[in-house]
Each structure stands twice: as structure tokens, then as C-alpha cells.
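If you're wondering where the values come from, they're calculated on a predicted model, not measured in any experiment.
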Amino acid sequence: AQSVTQLDSHVSVSEGTPVLLRCNYSSSYSPSLFWYVQHPNKGLQLLLKYTSAATLVKGINGFEAEFKKSETSFHLTKPSAHMSDAAEYFCVVSAFMNTGFQKLVFGTGTRLLVSP
Amino acid sequence: DTEVTQTPKHLVMGMTNKKSLKCEQHMGHRAMYWYKQKAKKPPELMFVYSYEKLSINESVPSRFSPECPNSSLLNLHLHALQPEDSALYLCASSQDPGHFYEQYFGPGTRLTVT
């Protein structure tokens, strides 16, 4: 079965310092992986996706993630945090349901706090 | 344009009321989804529509009734809800339901059941 584990429920950084949000996945086949961000009382916004092309994926707002099959990881990074990055981040793996339809399997989320 | 719109933004309803949530996308996507999200939790899948047909119902109580009038619209009809149904209801769409396409989410409807 497909699953993701977000290793930190909260991450605190100072503005201008690097961001690392950790995600490990489990998959019985080549996975499609996504990172979504959710600001308070908002919907989810797609940051980036991995679908078996380049292992280093660049997303919006300066975020990127590296797919490492040997470590079953898909960590999200950003070189320099901005106050507006404070939000909930979800690591997501795509899974096929028994019916053949896609289902997104969400991690439990990591809350990123950014201090001035 | 990757926008999914949802109305209303907020909804307060009593347990005996009937109300509807609306979702719209104009990206030509053929799959549409309803999710329920409780505070501090990830979204939970409720329904999947594929090519305007209900394909997946994740054992959702019958007081939630989805409808897909056409390929751009998705409704969620609500009747006799319980206070525990209070949550953020998210709509999403994807290009195709059966492949590894990303889903695009709307801003959600914040539902409070009194």
C-alpha cells in the first residue's frame, strides 16, 4: 500500500534561513509524489510534483524537492525562508484504488513557523 | 488557468436545514473530487466523479449527496447534518481520474452545523 510519513509535525525557522521539511514514502510501484501547501483557512496549493522524470524537482516560490529512491525520501527544501512561507505543508503520494482510480494519500502535515 | 472556485466561502446551517455547496472548474478536467478536512488534519476523500459519473463513494453517510450536472460543475447537497459534520469542504479536479495527474483544489467552504 502507498503511504507517506512526515517526520516533523512542526518546524521552526528564522526568516532568511534554509527550510527542510522531511517526508518518507512507501510504495509498491514507481510513485507519483506531491507537496501541497495550505495557508490558514485556505485551500491546498500544489507546490511541486515528481512523476519519474528528473529526481530534483523545482516548484513554485523557490521550493524544490529531491526524490531519493534508495532512501525512500522526498524532502522539501528552500534556501531562504520568507514570512509568507508560514503554513501547513502536506507530502502526498498517489495511489491506485481497487477500481483503478487515483487516490491521494496524505501525510499528517508539517506546520512551518517562520520568525522574524 | 488552474482555478477551482467554490461557493459559498462560509455556511452556517441548522441540523434540519437543506443546503448545497457548489464547485466549478473550467480547465477541461474530467475528474472531480469532494474532500472533508477537520481542523489540524489532512483532507479525507469523500467522492470521486469521473466523466460526470459517480465512481467512488468512500462510505459517506447519505446525508451528503453529490451531483455532477456537467463536466464543469460539482455540487454537494447537505441535509440533516450533525454538528460533527462541521469542517472545511474542499473540491478538487484533475485532468484524468485514472493516472498520476495532480489535483487542483478550490479554496473550500467552511461549514458550521449548529
Query raised in the report: Is it the case that one hydrophobic cluster holds both Met83(A) and Val37(A), taking links as side-chain heavy atoms less than 4.5 Å apart, direct or via other members?
Result: yes
Query - Nearest atoms (heavy-atom pairs only) where Lys42(A) meets Leu88(B) - result: O-CD2, 4.0 Å
Query - Evaluation steps, side-chain contact (heavy atoms from CB on, under 4.5 Å), between Tyr36(A) and Gln103(B) - result: CA-CA 10 Å; Tyr36(A) 283 86; Gln103(B) 293 184 19; 3.9 Å; yes
Report task. Grab the two heavy atoms, one from Lys41(B) and one from Phe90(A), that are nearest each other, plus how far apart they are. Result -> O-CZ, 4.0 Å
Query raised in the report: Which bit of Leu44(A) comes within less than 4.5 Å of chain B, counting heavy atoms only: side chain, backbone, both or neither?
Result: both
Query raised in the report: Just by distance, do the side chain of Tyr101(B) and the backbone of Gln102(A) share a donor-acceptor pair under 3.5 Å?
Result: no
Requested in this report: Tell me, out of Gly106(B), Ala92(B), Pro43(B), Ser50(B), who's got the most heavy-atom pairs with chain A below 4.5 Å.
Outcome: Pro43(B)
Query raised in the report: Are side-chain heavy atoms of Lys103(A) and Tyr33(B) found at a separation under 4.5 Å?
Result: no
Query - Joint hydrophobic cluster, Leu20(A) plus Leu112(A), side-chain heavy atoms closer than 4.5 Å - result: no
Report task. Return yes when atom NZ of Lys18(B) has more than 12 non-hydrogen atoms of other residues, nucleotides or ligands closer than 6.0 Å, and no otherwise. Result -> no
Report task. Pull out the residues in residues 57-64 of chain B that come under 4.5 Å of chain A, heavy atom to heavy atom, sorted by number. Result -> Glu58(B)
Query raised in the report: In the single-linkage hydrophobic clustering (I, L, V, M, F, W, Y; side-chain heavy atoms under 4.5 Å), do Phe106(A) and Leu90(B) co-cluster?
Result: yes
Report task. Spell out, yes or no, whether Val4(B) and Leu76(B) are grouped together once hydrophobic residues are joined by side-chain heavy atoms under 4.5 Å, including indirect joins. Result -> no
**Report entry** chain A contacts, top residue of Ser55(B), Ser94(B), Gly108(B) (heavy-atom pairs, under 4.5 Å)
**Finding:** Ser55(B)
Query - Asn41(A) CG to His10(B) NE2 distance, which is reported to the nearest 0.5 Å - result: 7.0 Å
Query raised in the report: With only heavy atoms counted, which part of Phe34(A) is less than 4.5 Å from chain B, the side chain, the backbone, both or neither?
Result: side chain
Query raised in the report: Do Tyr50(A) and Val105(A) belong together in a cluster built from hydrophobic side chains that touch within less than 4.5 Å?
Result: yes
Requested in this report: Answer with side chain, backbone, both or neither: which region of Gln6(B) has an atom nearer than 4.5 Å to a non-hydrogen atom of chain A?
Outcome: neither
**Report entry** Test salt bridge (Lys or Arg N to Asp or Glu O under 4.0 Å) applied to Glu64(A) - qualifying residues, sequence neighbours left out
**Finding:** Lys58(A)
Query - Region of Gln45(A) that comes under 4.5 Å of a non-hydrogen atom in chain B - result: neither
Query raised in the report: So, do Lys40(B) and Glu88(A) sit near enough that their side-chain heavy atoms are less than 4.5 Å apart?
Result: no
